[in-house]
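A quick write-up on the structure given underneath.
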Amino acid sequence: MNPAVETSFIAPYHQLNKKTSFNSTNKYHQFINWISGEFDLYLQDESNGLQVYFPEGNFHIKNEVDNGNIIAEINLQSKIIENGQLIFDKIMSVYHLISKN
């Protein structure tokens with residue numbers, strides 16, 4: 001996995017993208033559950049992964065299976081880069097907590 005976060009700007013959104021991996025589906029589902037709980041005050045759509053809408057943007061987490069590993073793709077769009085980075089950092093802190101176990 002590439003440890004760097006890819007950033008870009010496609011008007012009017014700043015985009016932050018990262019792929020992370022989990023060694024089991026249980027860890028991935030725990031991650032999605034914790035993220036959903038962390039952002040429970042925002043509108044959420046769980047029909048295809050987890051999509052959360054916040055006032056100046058949204059983020060989407062979806063998964064794919066690759067050789068037994070679960071790859072989670074995190075895509076965030078925000079009109080204000082600083083706020084988007086704060087939300088992305090919160091998502092990654094939950095990932096680091098879960099991946100330690």
Side-chain angles (χ1 to χ4, degrees):
M1 282 294 110
N2 185 357
V5 175
E6 297 176 17
T7 58
S8 61
F9 179 75
I10 300 174
Y13 293 106
H14 297 275
Q15 298 186 354
L16 292 89
N17 303 305
K18 182 167 179 67
K19 289 187 177 185
T20 58
S21 66
F22 296 90
N23 56 9
S24 73
T25 57
N26 288 340
K27 292 276 188 192
Y28 171 76
H29 290 296
Q30 182 182 14
F31 173 68
I32 291 296
N33 187 36
W34 284 20
I35 294 296
S36 179
E38 195 70 30
F39 295 96
D40 64 346
L41 297 179
Y42 298 115
L43 177 65
Q44 298 184 13
D45 178 9
E46 295 181 21
S47 62
N48 181 19
L50 175 65
Q51 187 151 8
V52 176
Y53 300 91
F54 51 92
E56 61 276 335
N58 68 81
F59 67 84
H60 187 206
I61 302 172
K62 58 184 176 180
N63 72 321
E64 59 187 52
V65 178
D66 182 32
N67 293 331
N69 287 328
I70 308 297
I71 308 297
E73 187 175 334
I74 305 165
N75 300 307
L76 184 139
Q77 294 181 325
S78 179
K79 290 182 180 178
I80 303 170
I81 188 66
E82 292 84 6
N83 292 350
Q85 189 63 55
L86 288 173
I87 290 173
F88 203 86
D89 290 346
K90 188 181 286 191
I91 293 168
M92 293 312 299
S93 68
V94 170
Y95 170 74
H96 292 300
L97 281 173
I98 290 175
S99 65
K100 285 183 181 180
N101 294 334

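Along the sequence shown, the residues carry numbers beginning at 1.
Under the side chain to side chain contact (heavy atoms under 4.5 Å, CB included) criterion, E46 pairs with S36, Q44, L50, sequence neighbours left out. Residues that satisfy the side chain to side chain contact (heavy atoms under 4.5 Å, CB included) test with Q30, not counting sequence neighbours, are K27, W34, I98.
The closest donor-acceptor contact from the side chain of Y95 to the backbone of S21 lies under 3.5 Å. Formation of a donor-acceptor pair under 3.5 Å by the H60 side chain with backbone atoms of N48 is found in this model.
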Legend entry - Evaluation steps, side-chain contact (heavy atoms from CB on, under 4.5 Å), between L16 and I81: CA-CA 9 Å; L16 292 89; I81 188 66; 3.9 Å; yes

Legend entry - Chi angles and distances behind the side-chain contact (heavy atoms from CB on, under 4.5 Å) call for K18, M92: CA-CA 10 Å; K18 182 167 179 67; M92 293 312 299; 3.4 Å; yes

Inset, instruction - Begin with the C-alpha distance, continue with both residues' side-chain angles, and end with the deciding distance and a verdict on side-chain contact (heavy atoms from CB on, under 4.5 Å) for I35 and N33. - result: CA-CA 6 Å; I35 294 296; N33 187 36; over 6 Å; no

Inset, instruction - With side-chain contact (heavy atoms from CB on, under 4.5 Å) as the test, would you mind laying out the steps for I32 and I61 before giving the verdict? - result: CA-CA 8 Å; I32 291 296; I61 302 172; 3.6 Å; yes

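Rounded to the nearest 0.5 angstrom, T20 OG1 and I74 CD1 are separated by 4.5 Å. The line from CD of E73 to NZ of K19 is 5.0 Å long, rounded to the nearest 0.5 Å. Distance check, rounded to the nearest 0.5 Å: CG of L76 to CD of Q85 gives 8.5 Å. Here the straight-line distance linking atom CG of N58 with atom CG of L43 works out to 10.0 Å at 0.5 Å rounding. Taking CD1 of I10 as the start and CD of Q77 as the end, the distance is 8.0 Å to the nearest 0.5 Å. Between the CZ atom of F31 and the CD1 atom of I91 there is a distance of 6.5 Å, given to the nearest 0.5 Å.
In terms of heavy atoms, Y28 sits closest to G49 at OH-CA, 4.5 Å. Here the shortest heavy-atom pairing between S78 and G84 reads OG-N, 3.5 Å.
Under the 4.5 Å side-chain heavy-atom criterion for grouping Ile, Leu, Val, Met, Phe, Trp and Tyr, Y13 is not connected to I87 through any hydrophobic cluster.
In this structure, L86 shares a hydrophobic cluster with no other residue, the cluster being traced through Ile, Leu, Val, Met, Phe, Trp and Tyr side chains under 4.5 angstrom apart.
If you check the side chains of S24 and N26, you find no donor sitting under 3.5 Å from an acceptor.
The only member of Y42, F88, F54, Y53 that meets side-chain contact (heavy atoms from CB on, under 4.5 Å) when paired with F59 is F54.
Contact check for I80 versus H14: no side-chain heavy atoms found under the 4.5 Å cut-off.
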